[in-house]
There are 2 protein chains.
Amino acid sequence: MKIDPIHILKDHDLKHTKQRVRVLEEIAMDSVAISQPELEKKLGKEIDRVTLYRILNAYEEKGILHKIMDMNGTANYAICSPSCSVDHHHDEHVHFNCTNCLKIYCLDVMIPKIKMPAGFTASTVNTTAYGICEKCSVLQSGN
Amino acid sequence: MKIDPIHILKDHDLKHTKQRVRVLEEIAMDSVAISQPELEKKLGKEIDRVTLYRILNAYEEKGILHKIMDMNGTANYAICSPSCSVDHHHDEHVHFNCTNCLKIYCLDVMIPKIKMPAGFTASTVNTTAYGICEKCSVLQSGN
DNA sequence: AATATAAATGCAATTAGGTTGCAAATGTAG
DNA sequence: CTACATTTGCAACCTAATTGCATTTATATT
């Protein structure tokens, strides 16, 4: 998946600034989701903390990123699929949160349909599996 | 479901203190999960903030409560089913997080089995549906 | 290219959630 | 009823996140 920050910004009516481009580049670099603290560590010299928060919020609202909370309540961000929009996030895939390295993966597994009890109307469903990821599993088995 | 705090504490090798009993009582009062901030508001005069955190952590570890993170990364707590233990939490039901009143419900709906990609081993799976709950739905329709 | 203007940024200060260390208070086994 | 381990409360601290405001920057228009 090729990422073109400038195009993405234009498509979502966001001004093209170097901070915004940097954030998108950084998040697009890795296939796994990246946490706010990690982003801050990487971009802290170039971008102010507050600006980073504001950019991430803007991206989430516009449907550019989706936000995944890990078990500690830390925000993690990943690039949305192209079909996401302001109105609806289509990140209806399962997330995998490694309890060892803490990385969050977007799996290519759809969330099964869930039937809601009478009276409850779900607009989004979120599924996160916790366990040991591919990489950590290899490392632990002493390979 | 009848809750007997004193019994629960004994069963889990926790000393019987009035703070611990109060926390259990408060959480058992409502059928929906209660957030840390709410608990603090209700019990803040009787119990120190730090003590509350420690009690909640102890309860989670012992399998008395399970912790559910909402979309803002706030911790919410609900009483576990009797089969929960230190080793394994059996809260494998779907949670419903109302985006209006922010309450979290434990639904009587099991989480479907999810097949993991090769290399990924899941020990727990968490599913949360976001939308409008029973009560808020009634209120909004002007009943 | 110059400029007006609306939006984005950086900074300082603040709020809130959560943790740590330690002395005093409390529960419980003998 | 005593001794001891545990729990509690307090003060201090850390990190995540937010707000208000002055300054800077992007861009549409001339």
Side-chain angles (χ1 to χ4, degrees), chain A residues 4-27 33-62 64-65 67-77 86 102 104, chain B residues 5-27 33-62 64-65 67-77 86 97 102 104:
Chain A
D4 175 5
I6 292 152
H7 216 114
I8 292 182
L9 289 173
K10 257 204 189 107
D11 284 356
H12 291 87
D13 292 308
L14 289 169
K15 276 191 183 168
H16 159 241
T17 68
K18 71 173 178 304
Q19 293 88 337
R20 287 185 174 163
V21 173
R22 286 292 293 118
V23 171
L24 274 184
E25 282 174 352
E26 210 53 56
I27 294 177
I34 185 166
S35 68
Q36 196 283 333
E38 278 178 282
L39 275 171
E40 196 177 318
K41 218 178 296 168
K42 287 194 177 181
L43 300 171
K45 309 272 140 121
E46 314 171 45
I47 306 182
D48 185 77
R49 268 168 60 69
V50 178
T51 304
L52 180 55
Y53 279 113
R54 289 195 272 231
I55 289 176
L56 291 172
N57 285 338
Y59 284 178
E60 201 205 344
E61 267 173 32
K62 294 281 183 175
I64 297 174
L65 297 180
K67 185 186 194 174
I68 312 135
M69 286 289 170
D70 69 16
M71 53 233 197
N72 301 311
T74 305
N76 286 257
Y77 296 90
V86 186
L102 303 182
I104 295 183
Chain B
I6 292 152
H7 215 114
I8 292 180
L9 289 173
K10 254 200 192 113
D11 285 356
H12 293 86
D13 291 309
L14 290 169
K15 278 193 181 163
H16 159 238
T17 68
K18 71 172 179 300
Q19 292 87 339
R20 286 184 175 163
V21 172
R22 285 294 292 119
V23 171
L24 275 184
E25 284 175 351
E26 210 54 56
I27 294 177
I34 184 166
S35 68
Q36 197 285 334
E38 278 179 282
L39 274 171
E40 198 178 317
K41 219 178 296 169
K42 286 195 179 182
L43 299 171
K45 308 275 141 120
E46 314 170 46
I47 306 181
D48 186 77
R49 264 166 59 71
V50 178
T51 304
L52 180 55
Y53 278 113
R54 289 194 274 231
I55 289 176
L56 291 172
N57 284 339
Y59 285 179
E60 201 204 346
E61 267 174 30
K62 294 282 182 173
I64 297 174
L65 296 181
K67 185 185 193 173
I68 313 135
M69 286 290 171
D70 69 16
M71 52 234 198
N72 302 310
T74 306
N76 284 256
Y77 296 91
V86 185
N97 196 169
L102 303 181
I104 295 184

Could you report the tightest heavy-atom contact between [X] and [Y], atom names first, then the distance?
| X | Y | value |
| --- | --- | --- |
| B/L9 | B/K15 | CD1-O, 4.1 Å |
| A/L24 | A/P5 | CD1-CA, 3.8 Å |
| B/Y59 | B/V23 | CE1-CG1, 4.0 Å |
| A/Q36 | A/L52 | NE2-CD2, 3.9 Å |
| A/K67 | A/M69 | CE-CE, 3.5 Å |

First and last nucleotide of DNA chain D touching chain B, 5' to 3', heavy-atom cut-off 4.0 Å?
D/dA5 to D/dA11

Classify the nucleic acid contact of A/T17 as base, sugar-phosphate or nothing, counting any heavy atom under 4.0 Å across all strands shown.
sugar-phosphate

Base, sugar-phosphate, or nothing: which does A/R20 touch, judged by heavy atoms less than 4.0 Å apart?
sugar-phosphate

Take atom [atom1] of [X] and atom [atom2] of [N], then tell me their distance rounded to the nearest Å.
| X | N | atom1 | atom2 | result |
| --- | --- | --- | --- | --- |
| B/L14 | C/dT26 | CG | C1' | 15 Å |
| A/R22 | C/dT9 | CZ | P | 14 Å |
| B/D13 | C/dT28 | CG | C1' | 13 Å |
| B/E38 | C/dA16 | CD | P | 15 Å |
| A/R54 | C/dC11 | CZ | C1' | 10 Å |
| A/K45 | C/dG10 | NZ | P | 15 Å |
| A/Y53 | C/dA8 | OH | P | 20 Å |
| A/R49 | C/dT15 | CZ | C1' | 13 Å |

Check against side-chain contact (heavy atoms from CB on, under 4.5 Å), A/I34 and A/L65:
CA-CA 11 Å; A/I34 185 166; A/L65 297 180; over 6 Å; no

Basic-acidic side-chain contact under 4.0 Å: A/E26, A/R22:
yes

Measure from the side chain of B/Q36, starting at C-beta and using heavy atoms only, and say which of C/dG18, C/dA8, C/dT9 lies closest.
C/dG18

Candidates C/dG17, C/dT9, C/dA7 - which lies nearest the side chain of A/K15
C/dA7

Along DNA chain C (nearest heavy atom to each residue), the more 5'-positioned of B/E40 and B/H16
B/E40

Check: A/V50 main-chain N/O paired with A/D48 side-chain donor or acceptor under 3.5 Å
yes

If only atom types and distance count, is the side chain of B/D70 paired as donor or acceptor with the main-chain N or O of B/I68 below 3.5 Å?
no

Let me test you: for the helix from C/dA1-D/dT30 to C/dG30-D/dC1, what is the angle between the axes at its two ends (five pairs each), rounded to 10 degrees?
40°

Return the 5'-most residue of the pair A/M69, B/I55 with respect to DNA chain D, ranking by each residue's nearest nucleotide.
B/I55

